[in-house]
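Just below is one structure, and these are the notes that go with it.
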Amino acid sequence: MKYAPLTLAAVVVALSAYALYASEQSDRDVLNSLSMTTNDDLRAGLIQELRDSSGDNVRIKLEKIAANENEADMIRMEAVCALNGSATGDSVPVLLDTLEQDLAERKGLWACAIPLLGELKDRRAVQLLLRVAGFEEENLAGMDHMAISALSQMATEAEVSFLEGKAHILPVRLDVMRALSRIASPTSADVLVSGLQDEEEPELVRAATAGLKRIGVPALPTLESALENQPDEVLKTRVRALIGEIE
């Protein structure tokens, strides 16, 4: 009996299926080893192997470790960081509890928990991130900046005023500008115009320009005012070009 040759598409599907099977088998082996190992250094290494893994089995195991206060701080930290590959909305309660606890105990788990909350973009994290983002940097070693960046990824009109007040902070300025550009509230026109200054990075200028275009006609009074009150000639050139596109 003759068999028809496999098409390229069929080969790709077969290889993908095999790669998935191999990955899942590898994850099972790591999870089994993790359950049987008591040495924390070895367990930390096993957890690190799960950083790029996905699937509920991996997620649930890492969440359990992260939430276990009897685990060594190093192990909990590795588990929170390793969740990056498998976290879903189901992980949010664990991450919020971890962050809340870290505000009191300062174990450093926030360094992975906050960015992951930002990536998940789950609005259940907004209130806690707002609280952390309002802290002073010197008190929490940059935790506030990290929270502002995470909040920027999920912000809506409700957080515009807060973000407008943080746009001057250089380490998070680009993230905030991107968020304000995406939301495009007319109240942000002044802040976005400031992003057209000569000394701004090209990426930030692009974000500010895009946001002002999205705002459109309501931004015209702010743009026209900038032509009269701003000494920055580069900014004025950019403003004139924007006015020409909006009108």
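Residue numbers start at 1 and run along the sequence shown.
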Counterpart residues, side chain to side chain donor-acceptor pair (under 3.5 Å), relative to [X] (two or more places apart):
{"X": "Ser86", "result": "none"}
{"X": "Asp102", "result": "none"}
{"X": "Asn68", "result": "none"}

Indicate if [X] and [Y] have the same hydrophobic cluster label, given that clusters are the connected sets of ILVMFWY residues with side-chain heavy-atom separations under 4.5 angstrom.
{"X": "Leu103", "Y": "Met146", "result": "yes"}
{"X": "Val58", "Y": "Val94", "result": "no"}
{"X": "Leu163", "Y": "Leu170", "result": "no"}
{"X": "Leu83", "Y": "Met154", "result": "yes"}
{"X": "Phe162", "Y": "Phe135", "result": "yes"}

**Asked** What pairs meet the salt bridge (Lys or Arg N to Asp or Glu O under 4.0 Å) rule with one or both residues in residues 207-226, with sequence neighbours excluded?
**Response** Lys213-Glu245

**Summary of salt bridge (Lys or Arg N to Asp or Glu O under 4.0 Å) pairs that have at least one residue in residues 151-165, sequence neighbours excluded** = Arg123-Glu159

With sequence neighbours left out, what residues match [X] under side-chain contact (heavy atoms from CB on, under 4.5 Å)?
{"X": "Ser33", "result": "Leu46"}
{"X": "Asp73", "result": "Lys107"}
{"X": "Ile169", "result": "His145, Ile148, Lys166, Pro171, Val172"}
{"X": "Asp40", "result": "Arg43, Ala72, Met74, Ile75"}

Close side-chain approach of [X] to [Y], heavy-atom, < 4.5 Å:
{"X": "Lys64", "Y": "Ile60", "result": "no"}
{"X": "Ile215", "Y": "Thr222", "result": "no"}
{"X": "Thr187", "Y": "Ser161", "result": "no"}
{"X": "Glu63", "Y": "Pro93", "result": "no"}
{"X": "Leu235", "Y": "Asp198", "result": "no"}
{"X": "Trp110", "Y": "Val132", "result": "no"}
{"X": "Asp90", "Y": "Asp56", "result": "no"}
{"X": "Asp232", "Y": "Glu199", "result": "yes"}

How many angstroms lie between [atom1] in [X] and [atom2] in [Y], if you round to the nearest 0.5 Å?
{"X": "Leu31", "Y": "Asn57", "atom1": "CG", "atom2": "CG", "answer": "6.5 Å"}
{"X": "Arg59", "Y": "Ser54", "atom1": "CZ", "atom2": "OG", "answer": "11.5 Å"}
{"X": "Leu129", "Y": "Ile114", "atom1": "CG", "atom2": "CD1", "answer": "6.5 Å"}
{"X": "Thr209", "Y": "Leu242", "atom1": "OG1", "atom2": "CG", "answer": "5.0 Å"}
{"X": "Cys81", "Y": "Ile47", "atom1": "SG", "atom2": "CD1", "answer": "10.0 Å"}
{"X": "Asn32", "Y": "Thr37", "atom1": "CG", "atom2": "OG1", "answer": "10.0 Å"}

**Prompt:** Can Val160 and Leu180 be said to form a side chain to side chain contact (heavy atoms under 4.5 Å, CB included), step by step?
**Reply:** CA-CA 7 Å; Val160 163; Leu180 294 177; 4.3 Å; yes

**Prompt:** Which other residues belong to the hydrophobic cluster containing Met77, where Ile, Leu, Val, Met, Phe, Trp and Tyr are joined when side-chain heavy atoms lie under 4.5 Å apart, directly or via other members?
**Reply:** Leu109

**Asked** When you look at NZ of Lys121, are more than 12 heavy atoms from neighbouring residues, nucleotides or ligands closer to it than 6.0 Å?
**Response** yes

**Message:** With a sphere of 6.0 Å drawn around CD of Glu201, does it hold more than 12 non-hydrogen atoms of other residues, nucleotides or ligands?
**Reply:** no

[X] and [Y]: which non-hydrogen atoms are nearest, and at how many Å?
{"X": "Ser149", "Y": "Asp175", "answer": "OG-OD2, 2.7 Å"}
{"X": "Asp27", "Y": "Ser53", "answer": "OD1-OG, 2.8 Å"}
{"X": "Ala167", "Y": "Arg173", "answer": "O-NH1, 2.7 Å"}
{"X": "Gly211", "Y": "Ala184", "answer": "O-CB, 4.1 Å"}
{"X": "Pro218", "Y": "Pro221", "answer": "O-CD, 3.5 Å"}
{"X": "Ala226", "Y": "Val239", "answer": "CB-CG2, 4.2 Å"}

**Prompt:** What's the verdict on side chain to side chain contact (heavy atoms under 4.5 Å, CB included) for Leu95 and Leu120, showing C-alpha distance, side-chain angles and the deciding distance?
**Reply:** CA-CA 11 Å; Leu95 293 170; Leu120 290 172; 3.8 Å; yes

**Request:** Check step by step if side chain to side chain contact (heavy atoms under 4.5 Å, CB included) holds for Ile243 and Leu227.
**Result:** CA-CA 10 Å; Ile243 290 174; Leu227 291 178; 3.7 Å; yes

**Message:** Treating Arg182 as the side-chain partner and Ala155 as the backbone partner, does any N or O pair qualify as donor plus acceptor under 3.5 Å?
**Reply:** yes

**Request:** Quick one: list whatever passes salt bridge (charged side-chain N to carboxylate O under 4.0 Å, His left out) with Arg206, sequence neighbours left out.
**Result:** none

**Request:** If a pair satisfies side-chain hydrogen bond (donor to acceptor under 3.5 Å, both in side chains) and one of its residues is in residues 75-85, list it, with sequence neighbours excluded.
**Result:** Gln48-Glu78, Arg51-Glu78, Arg76-Gln101

**Asked** For Met177 and Val191, what are the C-alpha separation, side-chain angles and deciding distance, and is it a side chain to side chain contact (heavy atoms under 4.5 Å, CB included)?
**Response** CA-CA 8 Å; Met177 283 293 200; Val191 175; 3.9 Å; yes

